[in-house]
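Just so you know, residue 1 is the first one in the sequence shown, and it goes up from there.
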Amino acid sequence: MKTLTWVDISRKSIKSKLGFGWSVQGIEKQNKVKTKVVYRFSTGQRTTVLTDLDWHAENNNEITNLVVELSDLMNERSVDLVKAYELISGGKLNKNDKNAFI
């Protein structure tokens, strides 16, 4: 299946702003497609968070801005991806949901 143009644009924008390690994708959960953010460390380990942001073209800029904001928080406050998303979302991350973070 060919990747949608807006997805390519979002991924290229994230890579140009942040470089190595960041990726995004759509994940279906409860009949909705949400944005999953992945950060890959240079060691190959990964950390992920499933956000509340819907995965569609109208959210292209919001997706890119979210990833940039997550990166900034991780660097400025020395926190991991999950904690950075909790700070942004006001603690709305459901820790009992095994798909919320890995």
Side-chain angles (χ1 to χ4, degrees):
M1 183 171 156
K2 185 170 174 19
T3 304
L4 302 173
T5 303
W6 73 268
V7 174
D8 289 336
I9 292 168
S10 291
R11 289 177 176 160
K12 287 177 183 177
S13 177
I14 291 166
K15 184 171 179 73
S16 72
K17 292 176 182 183
L18 301 175
F20 174 83
W22 292 97
S23 63
V24 292
Q25 66 186 83
I27 298 293
E28 186 174 347
K29 183 175 178 178
Q30 298 174 346
N31 297 322
K32 295 180 181 179
V33 181
K34 296 296 183 179
T35 302
K36 178 179 174 182
V37 178
V38 179
Y39 180 72
R40 184 169 38 115
F41 298 94
S42 58
T43 62
Q45 291 181 301
R46 294 181 182 154
T47 183
T48 69
V49 68
L50 184 61
T51 71
D52 287 333
L53 192 56
D54 291 333
W55 178 257
H56 56 74
E58 290 79 20
N59 285 341
N60 180 18
N61 290 333
E62 288 84 356
I63 291 168
T64 302
N65 292 339
L66 173 63
V67 176
V68 171
E69 189 175 358
L70 289 167
S71 176
D72 289 347
L73 273 173
M74 289 170 67
N75 291 326
E76 291 169 3
R77 297 194 183 185
S78 298
V79 296
D80 63 15
L81 177 60
V82 173
K83 183 64 177 174
Y85 184 68
E86 286 177 346
L87 291 168
I88 290 170
S89 67
K92 288 192 277 184
L93 191 63
N94 181 357
K95 293 189 181 213
N96 294 323
D97 181 354
K98 67 180 180 179
N99 293 319
F101 59 93
I102 299 173

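- The shortest side-chain heavy-atom distance between V38 and K36 falls under the 4.5 Å cut-off.
- N59 contributes no side-chain N or O that, together with a main-chain N or O of E62, makes up a donor-acceptor pair within less than 3.5 Å.
- The two residues D54 and I63 come nearest to each other via the heavy atoms O-CD1, 4.3 Å.
- Summarising the geometry of W6 relative to N60, their closest heavy-atom pair is O-OD1, 3.9 Å, with the distance given to 0.1 Å.
- Looking only at distances, no side-chain donor or acceptor of K34 sits under 3.5 Å from a matching main-chain atom of L53.
- K12 contributes atom NZ, which lies 15.0 Å from atom NZ of K17 (distance to the nearest 0.5 angstrom).
- Put simply, the side chain of T51 gets close to the backbone of T35: a donor and an acceptor are under 3.5 Å apart.
- Distance CZ/R40 to OG1/T48: 13.5 Å, rounded to 0.5 Å.
- By the 4.5 Å heavy-atom criterion applied to side chains, Y85 and V37 are not counted as neighbours.
- Criterion: ILVMFWY side-chain heavy atoms under 4.5 Å apart, direct or through other members. Under it, F20 and F41 are not part of a common hydrophobic cluster.
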Listed pairs under 3.5 Å, donor-acceptor, residues 66-76 side chains, sequence neighbours left out:
unit_1, atom_1, unit_2, atom_2, d
N75, ND2, S71, O, 3.2

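- Heavy atoms only, all atoms of each residue included: Y39 and W22 are closest at CD1-CE2, 3.3 Å.
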Verdict with reasoning, V49 to E86, per side-chain contact (heavy atoms from CB on, under 4.5 Å): CA-CA 10 Å; V49 68; E86 286 177 346; over 6 Å; no
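- The minimum heavy-atom distance between T64 and S13, with the atom names listed, is CG2-OG, 3.4 Å.
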